[in-house]
Every structure is written in structure tokens, then in C-alpha cells.
Amino acid sequence: MNNWRVDGKGRINRDKRVRFTFDGVSYQGYEGDTVASALLANGVHLMGRSFKYHRPRGPVTAGSEEPNALIGTSRSGTGRFEPNTRATVQELYEGLTTVSQNKWPSLKFDVGAVNDKLHKLFAAGFYYKTFMWPKSFWDKVYEPVIRASAGLGVSPTEPDADTYASRYLHTELLIVGAGPAGLAAALTAARNGTEVVLVDENRELGGSLLSEAPSAIDGNNTESWLAEVITELEARDNVRVMTRATAIGYYHENMVGVAEKLTDHMAHPPANAPRERMWRIRAQEVILAQGALERPLVFDGNDRPGVMMAGATQTYLNRYGVKVGNAAVVVTSHDSAWYAAFDLADAGVKIPAIVDVRATVNEYLQSEAQKRGITAKVGHSVTSVSGTKRVSGVKIGRISGDQQVADISSIPCDAVLMSGGWTPSLHLFSHTKGSLHWDEENEVFLPGERTERCHIAGGGRGLWSQQAAFDDGVHAAQQALTSLGQSAQALSVDVDGDRAGSGVVMEELPSNNDKLARRAFVDFQNDVTAKDIRLAVREGMLSIEHVKRFTTNGMATDQGKMSNMNGLKIAADELGRPTPKVGLTTFRPPYTPTTFGTFAGYHKDELFEVTRKTNIDSWAEENGAVFEPVSLWRRAWYYPKAGEDMHAAVARECRETRASVGMFDASTLGKIEVVGPDAAEFMNRMYTNPWTKLAAGRCRYGLLLGEDGFIRDDGVIGRISEDRFHVTTTTGGAARVLTMMEHFLQTEWPDLDVWLTSTTEQWSTIALNGPNARKVLEPFVKGADLSAEAFPHMALRECSVGSFEARLFRVSFTGELGFEVNVPSEHGRALWEILYQEGKKYDMCVYGTETMHVLRAEKGFIIVGQDTDGTVTPADAGLTWAIGKKKPDFVGKRSLTRPDMLLPNRKQLVGLLTEDPSVVLEEGAQIVETGDTAIPAKMLGHVTSSYWSEALGRSIAMALIEGGFERNSTSIDVPMPGQTHRATISGTVFYDPDGDRIKM
């Protein structure tokens, strides 16, 4: 019934009630509520159970850093269930269904809570010891139990029915966070005319101004001032304001990933509207104004429902009009909690005591407390909390000089507001690998050296007051604009009633209880206590990264936002070392848990992996081609005629190509343009072959190695001009080769004046092979003489073919007279049809990838990735002729001289001729010594390629065999299902060994 609402407070719409359910019980909230605020307004604090001990948990924060209040949510229709949603950020809408997690059979009565009774058996690291013995228990006991217990929520069982989107955006200035610092920066830059993108994860701008507003800004009440600023920003053409948008990752070259929620707050989203959108924002300058996160205090029972961050209770009061209790004890080491107590007291909440662990507190705070009738217990500590599913009281005591606690007394209460100060939110900054430095006075990490063009403002730099945040936001904007070559007039914001403050940091509150007996929690979600961290140190975990993995502290879904600093302080205390010497765990993207759908974007269902098609693909489909997937492409596999199966169709295509002429769509070959004054030098360093003396208008087979000396890719490379190369790669290797080239160009040889451009999609490539290939092509070529003398094998010409601009190569992957015609991709089908009509005069056939494989295998041409397996060197493949003997260096050269690379018994590529010519060996079949019947037999290698050769009237195969070159003409056995077949090792060239046909 919303009995915990406070009249006149909050920014919710009280004219619009919203109904929702939690664990099957119906509740009411208001438009603008979150699930957490609505449940608190209904007196519900118990919202979940912790992971390991299944302890009762309620919300401890009011934002995305929440570790406790994780729920499952679903809307109408199937496939719209989401686990592990933070109740503190899920906006309420009509009909929302929510459920608690990690409990059975119910939230109030959870059988798993027996773990809490047995907590002494589950000390930190117990799994590393318990699950090691007996070894036989792992498969049948330990692993099944662990898997059954893993996780908090239940994974969805139905396909996601929602759609997701993704966009790219470029801007001059990106500002992350729309609190005082972010708003001041945005106003400063916007009024200068700078292009600004302002993102904030909340539904409305304002940040802390919505929760702990000063009395006035620039002479106006805070709400009016904020409304005017938002109106101005949204009205400006040079400003894009994005709410419900979380910056989840900061990547190289000032690219920030932003996950924007579009419809999660709507009961009935527009048809086909995406649920979330991933933005990839590239900014010239970035300002991080993310503020700071309030730090919990570590004391016995600090995890009970009703124990909350003091700042969060201000948010629930001032933003949602909810009081978190009727009697709230405040425990703190920082001034900010006093202001929270004042806000709650002014709203009618009884504050029995403010318990401050500091020896002294400024007189202003104490006098303000006295005006409100609040008892100030300075120099006191909370030693324990009573209550199970809801706080019922606390015990406090006076801290003596030796940090002991005496004079214990009890205070009844239904809420505890805690604050251990504030930790700058530096997660995004850390993503950039920017350095952090330790501020000894405030005991926090602050941003240090930057690696990107970014600026940090406000709470992220350890500035706690709102006046300081406003001023720093203006300063950050001026710095950013200076970097952009612009200047801006300083913006002046005057805050009246600013609440500046200070505090001390404590790793664990003093107590009269033994440290090893306390249940003082550091990581609420994973049930990591202070004594767990101390145990980890005693077990030899000297690095905070080791402590993290031993205890799981900081490994919860909040990524340690609430636990890392306390864990670090406790570990440092136990080690007796300064805090920064213990180290800091690594923050990684995403900043907050983000749905898989947001990352996938459009890539689902038929768009999950888009089938790439060439310009000629439609003709192949219309003419009955059977297709196969090759890397990311759909390629014509073979073209059956009536009554033909695959074997018959391929045999015909091979026969007709070698007899007359065949045409093949080779457009999927990777193509890379290497251009620049140092292009030849770059090619020399990348490929094994020499390129400096290759004349323009000539081609060469190129072999590419990895740094390990093993074959990575190959292809024919043509020199268009002195400073331009047309590089072809395998279909599957295009992206990999370009990435490898870019890596070396940017990191190893930045001095080279070279540009790399992927042109795979720019060119349609048509291959003509066979004795009559020249006759089919010649009538349509202008600007090039196709005679054997004028246009020899491995030459190229820029000319026109069929009135289309073309790069014409005389190359062959079949051993026949061959040409490859490259025309702009949009003209590919048109030229294909022209050549097809001409080819009918010569009984030309169109062939697919299977025939291509057979024809190339007959000539012993390898396919990288099929006849190589990542461990094959040029020598293993019989390609030493492709290595420039006088070249000083190339990628992989030094590795080729390693002793293991020169062993004679390496697996080497050879040919195989079966004893029975009709037997086609299985690709991948293992090879053994003749007569080897041992179990298991010694494997000598495997078959890499195997086909029926129509030209030879028998089967052929290639294989990688141990010491294969020395075994030439000897026999081996190939065990296959049902029978072992014998074969003779041969060379890899089976057809036209002298290469006469290619020279026609």
C-alpha cells in the first residue's frame, strides 16, 4: 500500500499508478519508480539471497553498482525473461513480472540457507582443497554438485524475442555522466558551438543533484535550474543527449561503447522497436564525469536487509519519495552520512543515533544533529547487527585508544545507514590502461598519466562537493576545447548550501568481537568476509590479484565496485604493507553487466552470420548451382545437369574444362591493395619471395609465413606499378592477412610509407581456364594483346574487357591456359553473361569449387588450411623455390633455421596413388606403416586432399607424412572403415608434369 512514501518528496509521477508482481505477489508503485524503490515503498526489504551462504539480502545501493537486489524480470510474451536484473535500475512499468533468485523453495524459507549454518566449513579457498580428494569423486560428485549450484539466476530457456540494434557515432566531445561536473562541461562546450554527446545511465539528467540537492544554484531552486539546463541542452543542434545509456567500455583511439536501453521501461513497446542499442562512439575528446561510489563499512552483520548506503537512502527519499525505515541508525566515517541523516530526519524518519568512528567531527555537523534531536555518538563503533530478514537493532560501543570497544549498548532500529567515504569511479579510465596514483591523504586511487585524449572531472578526481564538481567540469571542458583548438568562455555556477565534507578510511570497524568470529562482509554477493581475506593472506596470497581469486572478492557482477577498496585495505593491513604496494585488481569492460543481445545487435537468426554472395551468385542460383559455405561466403559447389549427381557433374566439369574451356567465379579471393613509395620494401619484408625487381605488369606467387616460420597464406600477387601491388589471398585468409599486415606496418615498420586497403568486395573475378580460354576472351579485350608472346604466363595488364575497366591476369590454378579478369564488382554478372554467351561456341562449361579443387590437386597446387595445418614450413610443402635466397629478412625467416624445422623426419607433403585406382581415400584418414596392425598403430600422417581424377582415370591424393620425401615410391597403408587400403608415395604433380599446357 506504499506506506513508506513521503509526501512532497520524489520525482515520480504520483498521478500514474503502476502494478507489478514480485514472487507472485501484486504490488503498486508509480511511474518513475524502480523495482527496488517500489518494493521499499511497500515495506519489502528482502529481495534476494547471497550466492554461497544464501543469506537474506536487500538492496544496499540505489544504482547500477548494486550487488544484492538481483531479480528475474519478464514482460508479456515468450522469450522475454531476463535473469540478474538489478532491481535498483529496472524501471517500473504496468504488468512487469519479477522474481527473486537463488532460493528454494521460497525467498523467505530457503533450504540453501543451511550453508550459512555450516559457514565454518566453507572458508575461503575451501574448494581448492576439498575438491582435490578423492580424485574419483570429481566426475560423479564434485562436478555435478558445483554445476547445479553455479550461478544466481536461471538462464532463459526460450529464444530471445526482442531485437537489438547498433550504431556508430562520431563527435568532437563525448561527456560520460550528467551530474554537476558533466552538466557544467556540457554547457561550457555547447555554448561554444562544439559538437557534444552527453550520456548518462539514468532516465533523467542531474546525477547527485537529484538525490542531495543544494538549497539553490545561481539564485534559483535546484529543480528549476536543472530543468532550464536540460531544456537548453536538448534544444541545441550541436548537442545529443542520451539517457538510459551506459558507457560500458573505453577502447583504443577514443572509442567508447555505450549500451542504450530503449524500451525496457515500456509496458507496450512500439512494434519492431529494438530493446537496446549498442553505440560505438568515436570522440576527439572525452570527459569522464562518472562521479564516485560510496564505500561500505565492514562490521559484523553489515549485510542484513535494511543495512544500506547512506547516499542511497537519500536517493530513495529525494528521487523516489521513499523512506527506508522509521528508525535509522547512521554509522559512518565520513561527513556525507550526516547530511543523509539530516535529510531523513527532516522527512520524518527517526534517527536514534549517528555513530561516527572518528575521534572528532566538526561542530557544524554536531550542532545540526542537535537541532534535530539526533544523538551523536562520536568515537563509537557498531559491533553487530541484530535481525535476520530485516534489521531490528545494532550494538554500539565506545572506541578506546587501542582501538578496543567498550561500554556496549543496544539501539533498536529498522534500518542502518552506513558510509565509509567515497571511491572515485575510475573503471572507464582504467580500460584505457591509464595509470593510477595513490592519494595518501584521502586513501583513494586517482587518475594519473593518460593514454587517450580524455579528461576526468568531479568525483572521479576525488572532489566531493558539488561546487567543486561544477568548477571542475568547466575546467575539464576548457581543457578539452583547447585540445580541439577551440576556446570557451568560462561558465560560472554558484552553489548555495553546498555540502562539502571529509572523512577517514577504515578497513574494518573496531569491535569487541574476535576478528575471526565476525561475519563482516566485504563482497556481499559472493559472501566474502574480512576474515576470508585475512585467511588468504595467511595462506600466502601476497598479491591482491591472488587474494581476489582465492576468495572471489570482486568477482561478483558488480566487478568489485563495492568491495575492492575494502578488500585491498584489509589485505594491506594483514600484510603490514602500504595499500598501493599490495596492487590493484584490473577493471575490464563492460562497466556494468550488459545483455548478450546488446553485443550481438543485428547478428541473430538469419543475420547471425550474414552469408556473403558475389555479384555472380544470382546467376549461379538461376542456373541450378549447388552451393557450399566457404569461410563467410556462399560459393557454387558444382553445376549438375539433369540426372547428374555430384560425382558425375564434377567429372564432366573437369573433362570439359581440360578439353576446351571452363569458367569459374573467383570473386571471393581476398584482395588487398598495397600502395606507397615503400610498397615493394613492405612486400619484401612480409613475403618470402623477392619483390624489388619484379617489373610492373608481372605477377609472382607469394608465400606468407607467421613469425614461427609456418605457412599462413599464399596467392598470386601482381605489380600494377612501381608503388602499387594487387595482392590476392585465400578466400578464408583475407581478413587475417590484412590484420597481420597492419600489425607489422603499425608496430614494427611505422617508418614505411605504405597504405593497405581491402579490395575484396571491389572486384569481381572471373577465371577462364582451358585450351580455348584465349579465344573466348580475346574478342572483348581492348588495350591488351593476348598472344602468348605479348602476354606470357604470370603477366597482368590494365585494359578493358567487355567495355568494363579491368585488371587482367594471365595466371592458372588448373595447369591449363588461364586468365583471371577483375572488373568492378557491380559489372561482374554482366561480363559473366557476355563471356558465357561467347563460350557456347566452344562448348564452354561453368564449374564450381569442387572441380577447382580437383584440377588444382592434379597439378599439385596446395590450398593453405587444407594441405597445411599450421605446422607446415615451405620446405615441408616443397616450396623452398618460393624463398628469396638473397633476402636479408622476412617474416618468419629466423624461425626457419631452428633445429626442429630442419629435421628430416618432419611431416612433408607428398602425393599418394592407391593400389586400387578406383579407391578414393577419405580426407583426414590416418596413415600407418605397411602391415602395421598394432593397437594403436603408429600414425605417420594423414590424407589432406583426395579426389577422383577424370583426366588420369584414377584417384589421386596428397598427404602430410613423416619423412615423406625420403619415402618416395614406398608403400603405406591407409586404414578406413571396413578395409585398409594400400597406396604408393609419389610426387604431388600428377598431371602435365612439364607444364606445357599452361604455356599455350
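Remember, predicted model here, so these are calculated numbers, not experimental data. Side chains are part of it too, since the values below use all heavy atoms of this structure and drop only hydrogens, waters and symmetry mates.
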Original post:
Heavy-atom distance under 4.5 Å between the side chains of L752 and R685, does that happen here?
Top reply: yes
Original post:
Should Y638 and H647 count as side-chain neighbours, where that means a heavy-atom distance under 4.5 Å?
Top reply: no
**OP:** Step by step, work out the side-chain contact (heavy atoms from CB on, under 4.5 Å) result for N968 and V910.
**Re:** CA-CA 8 Å; N968 193 44; V910 296; over 6 Å; no
Subject >> Flag, side chain of E816 to backbone of G770, donor-acceptor distance under 3.5 Å >> reply: no
Original post:
So, does R967 use its side chain to make a donor-acceptor pair with the main chain of E962 at under 3.5 Å?
Top reply: yes
Original post:
Are R856 and F861 in a cation-pi setup, meaning NZ or CZ lies under 6.0 angstrom from the ring centre and within 45 degrees of the ring axis?
Top reply: no
Original post:
Charged N to carboxylate O under 4.0 angstrom, R807 versus E798?
Top reply: yes
**OP:** Over all heavy atoms of both residues, which pair between T760 and A734 is shortest? Give the atoms and the distance, please.
**Re:** OG1-CB, 4.1 Å
Subject >> More than 12 heavy atoms of other groups within 6.0 Å of E833 CD >> reply: yes
Subject >> Rounded distance [0.5 Å steps], CZ in F819 versus CG in L786 >> reply: 5.0 Å
Subject >> D996 backbone acceptor or donor facing D994 side chain under 3.5 Å >> reply: no
**OP:** Measure the spacing between CD1 of I862 and CE of M958 and express it to the nearest 0.5 Å.
**Re:** 8.0 Å
**OP:** Mark yes or no for whether T657, through its side chain, and C654, through its backbone, hold a donor-acceptor pair below 3.5 Å.
**Re:** no
**OP:** Using only heavy-atom distances, determine whether the side chains of N689 and Y701 contain a donor-acceptor pair under 3.5 Å.
**Re:** no
Subject >> Any donor-acceptor N/O pair, K671 side chain to L669 backbone, under 3.5 Å >> reply: yes
Original post:
Taking atom CD of E966 as the centre, does the number of heavy atoms from other residues, nucleotides or ligands within less than 6.0 Å exceed 12?
Top reply: no
Original post:
At their closest point, which heavy atom of A959 faces which heavy atom of V943, and how far apart are they?
Top reply: CB-CA, 3.9 Å
**OP:** Using a cut-off of 6.0 Å, state whether more than 12 heavy atoms not belonging to H252 lie near its atom NE2.
**Re:** no
Original post:
Counting N and O atoms only, with roles assigned by atom type, does the side chain of N769 sit under 3.5 Å from a partner on the main chain of G662, one being a donor and the other an acceptor?
Top reply: no
**OP:** Assign the ring pair F804 / H827 to parallel, tilted or perpendicular, where the plane angle (0 to 90°) is split at 30° and 60°.
**Re:** parallel
**OP:** Report yes or no: does T739 contribute a side-chain atom to a donor-acceptor pair with the main-chain N or O of A735 at less than 3.5 Å?
**Re:** yes
Original post:
Between R719 and R698, is any pair of side-chain heavy atoms under 4.5 Å apart?
Top reply: no
Subject >> Pairing residues for R774 by the salt bridge (Lys or Arg N to Asp or Glu O under 4.0 Å) criterion, not counting sequence neighbours >> reply: none
Subject >> Closest contact, heavy atoms only, A925 versus M976 >> reply: CB-CG, 4.3 Å
Original post:
Is the shortest heavy-atom distance from the side chain of L896 to the side chain of L705 under 4.5 Å?
Top reply: yes
**OP:** For this output row, return yes or no: ring centroids of W691 and F890 closer than 6.0 angstrom.
**Re:** no
Original post:
Which distance, rounded to the nearest 0.5 Å, do you find between the CD of E722 and the CG of L694?
Top reply: 9.5 Å
**OP:** Please state whether the rings of F809 and H726 are parallel, tilted or perpendicular, taking 30° and 60° as the class boundaries.
**Re:** tilted
Original post:
Can a salt bridge be assigned to the pair R282 and E253 using a cut-off of 4.0 Å between side-chain N and carboxylate O?
Top reply: no
Original post:
Quick one: CG on L909 to OG1 on T873, what's the gap to the nearest 0.5 Å?
Top reply: 11.0 Å
Original post:
Under 4.0 Å between a Lys/Arg side-chain N and an Asp/Glu carboxylate O for E838 and K841?
Top reply: yes
Subject >> Heavy-atom side-chain contact between S667 and I616 under 4.5 Å >> reply: yes
Original post:
Does K885 reach the main-chain N or O of I883 with its side chain, forming a donor-acceptor pair under 3.5 Å?
Top reply: yes
Subject >> Side-chain donor-acceptor pair present, D916, T914, cut-off under 3.5 Å >> reply: no
**OP:** Could you check if a side-chain atom of T814 sits within less than 4.5 angstrom of a side-chain atom of K859, using non-hydrogen atoms only?
**Re:** no
Original post:
For the residue pair C799 and K782, what are the closest heavy atoms and their distance?
Top reply: CB-O, 3.1 Å
Subject >> Axial cation check for Y687 ring with R700, 6.0 Å and 45° limits >> reply: no
Subject >> Step-by-step side chain to side chain donor-acceptor pair (under 3.5 Å) determination, S660 to N772 >> reply: CA-CA 5 Å; S660 179; N772 291 319; 2.9 Å; yes
Subject >> Full working for side-chain contact (heavy atoms from CB on, under 4.5 Å) between V727 and M741 >> reply: CA-CA 11 Å; V727 177; M741 286 182 169; 4.3 Å; yes
**OP:** Test side-chain contact (heavy atoms from CB on, under 4.5 Å) on L879 and T688 and set out the steps.
**Re:** CA-CA 10 Å; L879 296 174; T688 64; over 6 Å; no
Subject >> Heavy-atom side-chain proximity of V675 to T757 below 4.5 angstrom >> reply: no
**OP:** Supply the atom-to-atom distance R712 CZ to L704 CG, rounded to the nearest 0.5 angstrom.
**Re:** 8.5 Å
**OP:** Check for a donor-acceptor pair, side chain of S955 on one end and backbone N or O of V919 on the other, with a separation under 3.5 Å.
**Re:** yes
**OP:** Using only heavy-atom distances, determine whether the side chains of D867 and S945 contain a donor-acceptor pair under 3.5 Å.
**Re:** yes
Original post:
Just by distance, with hydrogens left out, do N684 and T692 show a side-chain donor and acceptor under 3.5 Å apart?
Top reply: yes
Original post:
Cut-off 3.5 Å, side chains only: do D713 and T730 have a donor facing an acceptor?
Top reply: yes
**OP:** Using a strict cut-off of less than 4.0 Å between a Lys/Arg side-chain nitrogen and an Asp/Glu carboxylate oxygen, indicate whether R658 and E858 qualify as a salt bridge.
**Re:** yes
**OP:** Ignoring hydrogens and angles, state whether a donor on the side chain of Y251 or R280 is under 3.5 Å from an acceptor on the partner side chain.
**Re:** no
**OP:** Determine the minimum heavy-atom distance between R829 and W619, stating which atoms define it.
**Re:** NH1-N, 3.4 Å
**OP:** Report yes if some heavy atom in the side chain of Y164 is under 4.5 Å from a heavy atom in the side chain of M278; otherwise report no.
**Re:** no
Subject >> Exercise: identify the closest heavy-atom pair between A679 and D723 >> reply: CB-O, 3.8 Å
Original post:
T614 and D665: side-chain donor and acceptor closer than 3.5 Å?
Top reply: yes
Original post:
Stepwise, does the side-chain contact (heavy atoms from CB on, under 4.5 Å) test hold for V891 with E707?
Top reply: CA-CA 6 Å; V891 175; E707 291 180 277; 4.1 Å; yes
Original post:
How many angstroms lie between CE in M740 and CD in E742, if you round to the nearest 0.5 Å?
Top reply: 13.0 Å
Original post:
Donor-acceptor pair, T611 side chain versus R634 backbone, under 3.5 Å?
Top reply: no
